[in-house]
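What you are looking at is a predicted structure, and each value in this text was computed from that prediction instead of being measured. In each ligand, atom 1 is the first atom listed, and ligand 1 is the first ligand listed.
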Amino acid sequence: MTSQTSKVAIVTGASRGIGAVIARQLASEGFAVAINYASSAAEASALVVELRQAGHRAIAIKADVANADDVRRLFEQTETQLGKVDVLVNNAGILKVLPLAQHSDELFEQTFAINTRGTFNTLREAATRLNTGGRIVNFSSSTVGLNLPGYAVYIASKAAVESLTQVFAKELRGRSITVNAVAPGPVATELFLHGKSEEQIQNFAKMPPLERLGQPEDIAGIVAFLVSPAAAWVNGQILRANGGLV
Ligand code: NAP
């Protein structure tokens, strides 16, 4: 066990995309960061090297959030190497755009396993392990408000995350832990860009009144706010961040 000198954050799915930028931002704000990933080991290690070279404390932990044993080990290894956890950011997620009628059983299971059960698994561990005064930030999506065709299963998996967020905030009464969710609109990461034509991407970019795609930094700034002392009174909320899209 290390002696704990800084606050500790776990960011799930932090090897790439929004999660990697959240890990960078939290590290730059003084958090020791556990960078969780499922398969992108090289990216996760490179991020650890980058953060350590900048003088921060960071480790990478491979764990499939859909697997309860993996998630238990994610917390145990974080506690052993960095200290007890103050912040959990449930960023890991997948999106497959396909009409409901074309979804296979396997794809339905996989989407709910990672997006919904993955969040459930980490929340259950956090219930007994998070420090008093801790912070939890879950990830929904603004598609929950848009009800776009092709997104039914993804939206359903994220709507469940919103419900988990609102109930869990109440179940943690007395612990001074806040539980909120961020619900981004389109953000320029592989998850959004993959499989879309340039025209489709431009159409999404023009949808919000701010007329651009979100960038991972837009979302990381909101997560940094929600885990900061300034957001101590924000609890059980779903914060849509999408340039005014919905
Ligand atoms: P991304 O670029 O595809 O990155 C996804 C991250 O999740 C990767 O680090 C990936 O790690 C990890 N991951 C996937 N399955 C995992 C598992 N089973 N266990 C642990 N980690 C896993 O996605 P993103 O755009 O950054 O999305 C981050 C979150 O924002 C997701 O919850 C997504 O639903 C939400 N969101 C995104 C957008 C958008 O437009 N981008 C909009 C709304 C909401 P590996 O590579 O190691 O598997």
Side-chain angles (χ1 to χ4, degrees), residues 10-25 33-48 60-75 88-97 107 109-122 137-146 148 150-151 153-162 164-165 181-196 200-201 203-205 207-208 212-220 222-223 238-243 245-246:
I10 292 176
V11 183
T12 68
S15 51
R16 306 183 278 112
I18 297 169
V21 178
I22 293 169
R24 273 194 197 95
Q25 175 133 5
V33 184
I35 292 157
N36 160 250
Y37 67 97
S39 56
S40 301
E43 286 92 335
S45 315
L47 183 54
V48 167
I61 301 175
K62 178 179 165 83
D64 176 357
V65 294
N67 182 304
D69 290 336
D70 277 20
V71 168
R72 200 169 304 120
R73 187 175 43 74
L74 169 64
F75 274 82
L88 167 66
V89 182
N90 267 320
N91 163 82
I94 60 164
L95 161 67
K96 300 281 188 280
V97 182
L107 184 51
E109 301 290 350
Q110 187 193 26
T111 302
F112 272 81
I114 296 174
N115 294 357
T116 313
R117 184 189 294 276
T119 300
F120 163 75
N121 282 337
T122 57
V137 181
N138 294 327
F139 265 72
S140 179
S141 163
S142 288
T143 54
V144 171
L146 286 173
L148 287 175
Y151 287 71
V153 172
Y154 176 74
I155 289 171
S157 75
K158 292 296 193 179
V161 168
E162 295 194 1
L164 293 174
T165 301
V182 182
V187 178
T189 66
E190 194 179 328
L191 177 139
F192 166 75
L193 298 170
H194 180 79
K196 293 191 175 72
Q200 287 174 314
I201 292 167
N203 284 341
F204 271 104
M207 280 166 74
R212 66 171 176 84
L213 292 178
Q215 295 299 322
E217 289 74 11
D218 292 317
I219 308 305
I222 293 158
V223 173
I238 315 299
L239 208 166
R240 286 185 182 159
N242 53 41
L245 177 64
V246 61

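Any N or O atom pair closer than 3.5 Å counts here, and I18 shares at least one such pair with ligand 1. In terms of polar-atom proximity, defined here as any N/O pair under 3.5 Å, V187 does make such a contact with ligand 1. Geometrically, ligand 1 and P184 share no nitrogen or oxygen pair separated by less than 3.5 Å. Between A66 and ligand 1, no N or O atom pair is found at a separation short of 3.5 Å. Residue contacts with ligand 1: D64 is placed with a nitrogen or oxygen under 3.5 Å of a nitrogen or oxygen of the ligand (distance criterion only). Geometrically, ligand 1 and G13 share a nitrogen or oxygen pair separated by less than 3.5 Å.
Contact analysis puts S140 in contact with ligand 1, with a non-hydrogen atom separation below 4.0 angstrom. Heavy atoms of A44 stay at 4.0 angstrom or farther from ligand 1. At least one heavy atom of A63 sits closer than 4.0 Å to an atom of ligand 1. Between L95 and ligand 1 there is no heavy-atom distance shorter than 4.0 Å. Heavy-atom separations between G118 and ligand 1 are all 4.0 Å or longer. Residue contacts with ligand 1 do not include E43, since none of its heavy atoms lies under 4.0 Å from the ligand.
Only the side chain of N36 comes within 4.0 Å of ligand 1, counting heavy atoms alone; its backbone N, CA, C and O stay farther away.
For T122 and N90, the side-chain atoms include at least one donor-acceptor pair closer than 3.5 Å.
Considering V144, N115, L148 in turn, N115 is the only one that fulfils the side-chain contact (heavy atoms from CB on, under 4.5 Å) rule with Y154.
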